[in-house]
Amino acid sequence: MDTQPPQDMPPISKLTLSMALAGKSQCLNSAAPFKTGPMVPRGMAVPNPVGELDPVALEESLMSTWSQEDTFGQQVSSRKNGKPFIFLEGPPTANGKPGIHHVVARTYKDLVCRWKAMEGHFVERKGGWDTHGLPVEIEVQKRLDLMSNEAIEAFGMAEFNEECRNSVWTYEQAWREMTERMAFWVDLDDPYVTLHNNYVESCWWALKQMFDKDLLFRGHKVLPYCPQTGTSYSSHEVALGYKEVEEPSVYVKFKLVDDDASVLAWTTTPWTLPGNVGLAVGPDVTYIRVRIDQPAGDNWEGRGGAIVGEEVIIAKDLFKEVIRHHATILEEFPGSDLVGKAYVPLFPNAVDRGGSQTAWTILEADWVTTTDGTGVVHTAVMYGEDDYNLGMEVGLPAQHTVGMDGAFLTGTHEQLDGRYVKECDDTIMDILMSANQLYREKAYIHEYPHCWRTDHPLLYYAMDSWFVRMTAVKERLLEFNDQVEWAPDWVGEGRFGEWLRNVKDWAISRERYWGTPLPVWRSASGEMKCIGSIEELQDEVTKANAAGQNNPECPDDVDLHRPIVDDFVLVSDNGEIMHREPFVMDCWFDSGCASFAQWHHPFDGTEKFENNFPIDYICEGVDQTRGWFYTLLAVSTTVFDSICYKRCLSLGLILDAEGKKMSKSKGNIVDPWDHFNREGADATRWYMVTAGAPWNPLKFDPNGVRETYAKMFLTLWNCYKFHADYASLDNFDPTVTECPVGKRPSLDRWILSKLNTVSAGYHAQFEGWDFHKACRDLEDFVVNDLSNWYVRRSRRRLWDDDTSADKLACQHTLHDVLVKICRLMAPVSPFMVDHIHRNLTGESVHLADWPTPSHQDEDLEVRMQLVRNLAEAGRKIRVENDHRQRLPCQTGWLVGASGIEEFYEILAEELNVMELTTETDLDRFQRIEVVPNRKMLGRKCRQDLPKVLAALAEADPEALWDDISNGRCIIAGFELEPVDVEVRRVEREGFAALTADDSDVTLVLDMATTPELLSKGLAREIIRRVQQKRKELDLAVDASISLSVWLELGNPELIAEDWDHVMSEVRAKDGVLDQGGEGPDGSDSFDVDGAGISFIVN
RNA sequence: GGACGGGUAGCUUAGGUUGGCUGGAGCACCCGGCUGAUAACCGGGAGGUCGCAGGUUCAAAUCCUGCCUCGUCCA
């Protein structure tokens, strides 16, 4: 038994060597910090010594190593015979600077791919760029100040598109640097690019598949439209331009055909009235017919009015609010009574009835409410989404009364034709007034969308538009969605599933310039051709030229963009001239084609495609649910009738420290380089993964990154440094010496077993997408099990000068543990672990295999846990009994312990006791507690449970347990069985004792002090102070000192033996001890238990 | 307005399916200890109406209902 207090200090001889070593590593550092190549020849796996950690230098050095030896390429190709794991990169747009939120998504993409590769899969990772679309155009328009379509066309469409094409690469370098710096391994040298001809051609092919299946059709879509710029706007752009405005609103009397009454309707957009073709009422809304009794009073404002005796119909709820005349209610009825009644058109010539049976009749719509207006909704098919949908449903004529220029079409009304609609409000009211069809005008203040570029009010306008008939494949979409493994599952079932159940036809055309052109040519009479390839286009051009057209050249590499494709004029089967429909595709269509267009399927990448479809894994932010996640599935369903991806990880949003979404417009984006250049990419990535479940929103806390660095990486580094420095010194080579695990001390077998347990759990958590849990557990292992127990307890084992079996066992164990940790961490944080792995094994961790579960000794883990809990209990006992840690106790008793004798030496040191014994007479220190098992008892006793619990609390535990175990315990009529309670052994009162957590083992410490113990405790206090002083004085570790110590009265006697011990520990070559004296001025002094101690170090 | 998700200590959060024993942890704070062991570590303390209100139950952070609130997406 080691009766000395623990002295965690190496012998001087070893320190001298360590110093030499420190010097050596410093030299290495200054010359070439963190040289990370394969630095030891095979078979000579002796680690190099390790310097202080500089995470940025380490990572940057590894980046160049990886680039020199193409470690990524090797990781992929070394598994080329493995089962493929297919990843598809969601293409980012490179026309914005990457932020920390991009790093998060890329971390999860990367870690899964790396993990699968280490498992032996063949994991190719092709990069991709999204290069078309409105955001690109807007960037360019802003830069060149081209704020309208007119301006763009004046600038030149070809020139404009060239600007777009170039602007896409503005931030490519920034993206590349971020990607490389964060170690997202993806092939950016051969990416797919949506603007490339091959990619566009594949998109054309896909559209043709849809066209041939009759899934592609032409229709209208009502969109916010700016006639000044000639553009319609996405909801995002609309949101930029809401303004509060005051406008005239009007109450209009629609005269019924077979009735003297008029129906009153309200609108805030008088310019849509010429387009009126219907009135919508709520079938269940109550309406009334009223008769105007008296002329209007003097307070009448504005135009409008009614004749006495005139009858109008209005929703009952809105009568008081709207009618400004004295009026009598004649009749009350539901809206359904009105449905089908015809009324007189306001502007008889504006819209042609065509074959419509329903035009200018009253229609029912369940969305009609009585919150404002009159309860009757004026319906102009082309100028409102609800209007359009209703019109399509019941067959109203779909004709424009307004042109694309925002002016009324000729033939609408002689006073309106050709005029800008927003300037016609007065004229329209006058026209209505003169026909006695205007009841009232009223100023109306509301938020209305305006063009964010020109500030003009937007018009809701039915634009010609192309659709994919998604409603036709709804059942298939739902079926395929069921086959996708979603993480988290509620995104698939809930958010996405809900979206699919309400799927609408997909409006895929945009009236824009920069994008994949819609490959449909159409003749004036409506004949159409969809072109699915360049070859087909060439054939058609040839045919057209043969029929007399004079088309430009159409070479094999014809640029598939506007305006080039617009210039081809084709000829229909009937000989009619066909022009291309002047649209480009929604850029979501482009990215939705990525699974095949990236390979140029079906033109020359078909084999590649077939081997890489469906995709195994995609991962993007949850905001892609209705974006990319949807379009991938939409395209694969319509084109291949197949699922597109098998697993989809939907990531939570990244919020700033205040919980706001990070976005460019808010300017709250965290720059990833702030962390790359401080804590490093490893800590940044590990932080992101451990901060929460991937699908939960992440409040990005810069402090958290720092904490992760300090805790996880610094701790790991120091464990590694501890091992590598001694291994280097001792020429330890794990490939030369052997040390069977079974022959190693139990501390070693424990850490190995524990790591195997953690590693098995880690793998299982990975499989279940719970990366955060896996990594938190591993972090706990590194910090608590490895660093704070194993390494701390093993420190002295390596200080031994001789090569002992014990030291060898420790070194092998450290080697094994560190290597395995490196492999587990490699997918998440790939830098430091590669550095460590290379130094310990000579091989990159990224070429190593994923650890497989191996031997676990559960029993050993349980016993070690008990030992640690007992050490903890010892500290608690000392606090409770006010007994300093450095003051040794004579005896510690372990009550009820068995099977941990092999750890007594460790435990005695931890507890600072002179001797540790096992107490077999349990009852001397312990009593029992009978704790009710509420689950069992609740089932048995139900409402009588409180009574039973009270009785149990009262009862004497010994007698109670005796009764229960003998089957004669009856409380409140219930017989209690042993399963109904739990018996615990706990410490008796009156001892300095504590029962270790989760056990029946009690630790008792002897609090009695003796002169010998006090002397030893005092010696330890002095040693500690002097050592600290040495450190303050920055003395060389092996420097000798002279020590003078004065022990004031009140101190215990310092026994000669202990004084000698002090002298040797602090390397004092001579010393003076004055027991009872006071130190002179200038000496250092401190108190122990109220007695002063002074000392001088020279 | 609809769908989905969240609300637990000053902050970040675990737990919630399967109701049960004292609601865990980290950061920050206070006290103490330990340290030639790192930006550490250990023990103790303070800090909680588990968003609110009902309900079910012997028992609710957990299940149910309603409401409030925040976020995202869609209208």
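The sequence lines fix the lettering, A, B, ..., with proteins before strands; numbering per chain opens at 1.
- Remark: the separation of the C1' atoms in B:G6 and B:A14 is 15 Å, to the nearest Å.
- The side chain of A:K940 contributes no N or O atom lying less than 4.0 Å from OP1 or OP2 of B:A59.
- B:G20 atom P lies 12 Å from atom CZ of A:R934, rounded to whole Å.
- Here the nucleotide nearest the side chain of A:R875, chosen from B:C34, B:G43, B:A14, is B:G43.
- Between B:C74 and B:C52, the distance separating the two P atoms is 32 Å to the nearest Å.
- Checking A:L887 against A:V931, the closest nucleotide of RNA chain B that is more toward the 5' end is the one next to A:V931.
- Atom name C1', nucleotides B:U35 and B:G48: the rounded distance is 35 Å, in whole Å.
- As a whole-Å value, the separation of A:K699 NZ from B:G7 P is 12 Å.
- Residue contacts shown for A:L714 include a base, since a base heavy atom lies under 4.0 Å away.
- Rounded to the nearest Å, the gap between the P atom of B:G26 and that of B:G45 is 13 Å.
- A salt bridge does not link A:R875 with A:E872: none of the charged nitrogens is closer than 4.0 Å to a carboxylate oxygen.
- Residue contacts for A:R1024: at a heavy-atom cut-off of 4.0 Å it reaches a base atom on one of the strands shown.
- Nucleic acid contact class of A:K504 (heavy atoms, under 4.0 Å, all strands): none.
- One C1' atom belongs to B:A28, the other to B:U12, and the distance between them is 11 Å to the nearest Å.
- Using a 4.0 Å heavy-atom cutoff across all strands shown, A:K876 reaches sugar-phosphate atoms only and no base atom.
- Rounded to an integer number of Å, the gap from A:R1020 CZ to B:G33 C1' is 11 Å.
- Put simply, CD on A:E982 is 12 Å from P on B:U22, counting in whole angstrom units.
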Margin query: Could you write out RNA chain B as dot-bracket? Rules: Watson-Crick or G-U wobble, both distances under 3.5 Å, brackets [ ] for crossings, | for pairs with another strand, dot for unpaired.
Written below: (((((((..((((......[...)))).(((((.......))))).....(((((..]....)))))))))))).

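- In this structure, A:F629 has its ring center no closer than 6.0 Å to that of A:W499.
- Screening A:R942, A:K947, A:K940 for a salt bridge (Lys or Arg N to Asp or Glu O under 4.0 Å) involving A:D944 leaves a single residue, A:K947.
- Taking atom C1' in both B:G47 and B:C27, the straight-line distance is 14 Å, to the nearest Å.
- Rounded to a whole Å, the CZ atom of A:F781 is 22 Å from the P atom of B:A25.
- Nucleotides B:U13 and B:G2 have their P atoms positioned 28 Å apart, rounded to a whole Å.
- Residue contacts shown for A:R706 include a base, since a base heavy atom lies under 4.0 Å away.
- Residues A:Y687 and A:Y709 keep their aromatic ring centres 6.0 Å or farther apart.
- In this model, no donor atom of one side chain and acceptor atom of the other lie less than 3.5 Å apart for A:N389 and A:E393.
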Check: Yes or no on salt bridge (charged side-chain N to carboxylate O under 4.0 Å, His left out) for A:D785 and A:R868, after CA distance, side-chain angles and deciding distance?
Finding: CA-CA 10 Å; A:D785 295 322; A:R868 293 175 70 180; 2.5 Å; yes

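- The CG atom of A:N788 sits 15 Å away from the C1' atom of B:G33 (whole-angstrom rounding).
- Using a 4.0 Å cut-off, no side-chain N or O of A:R793 falls inside it from OP1 or OP2 of B:C41.
- Nucleic acid contact class of A:N784 (heavy atoms, under 4.0 Å, all strands): sugar-phosphate only.
- Every residue meeting the side-chain hydrogen bond (donor to acceptor under 3.5 Å, both in side chains) condition with A:E982, not counting sequence neighbours, appears here in chain and number order: A:R984.
- Two residues are said to be in side-chain contact when any heavy atoms from C-beta on lie closer than 4.5 Å; A:L714 and A:N718 meet this criterion.
- Here B:C74 presents its P atom at 13 Å from CD of A:E385, a figure rounded to the nearest Å.
- Between the CD atom of A:E779 and the P atom of B:A14 there is a distance of 15 Å, rounded to whole Å.
- For the ring-ring contact (aromatic ring centres under 6.0 Å, His included) test, no residue two or more places apart in sequence or in another chain qualifies with A:W769.
- Within the nucleic acid shown, A:V622 has no heavy atom closer than 4.0 Å to any nucleic acid atom.
- At a threshold of 4.0 angstrom between heavy atoms, the contacts of A:K711 are confined to the sugar-phosphate backbone, with no base atom among them.
- Comparing B:G1 with B:G66, their P atoms sit 16 Å apart, to the nearest whole Å.
- Between B:G20, B:U13, B:G43, one nucleotide has an atom nearer to the side chain of A:L945 than all others, and that is B:G20.
- Of the two residues contacting RNA chain B, namely A:M936 and A:R884, the nearest-nucleotide position lying further toward the 5' end is that of A:M936.
- At a threshold of 4.0 angstrom between heavy atoms, the contacts of A:Y709 include nucleobase atoms, whether or not backbone atoms are also involved.
- Candidate nucleotides B:C42, B:U13, B:G26 were compared by shortest atom distance to the side chain of A:E872, and B:C42 ranks first.
- For B:U57, its base never sits under 3.5 Å from the side chain of A:R942 at any donor and acceptor pair.
- Comparing B:C58, B:C21, B:U38 by their closest approach to the side chain of A:S787 singles out B:U38.
- For CZ of A:R706, the number of neighbouring non-hydrogen atoms (other residues, nucleotides, ligands) closer than 6.0 Å is 12 at most.
- Close to B:A28, at under 4.0 Å from its OP1 or OP2, lies no side-chain N or O of A:N703.
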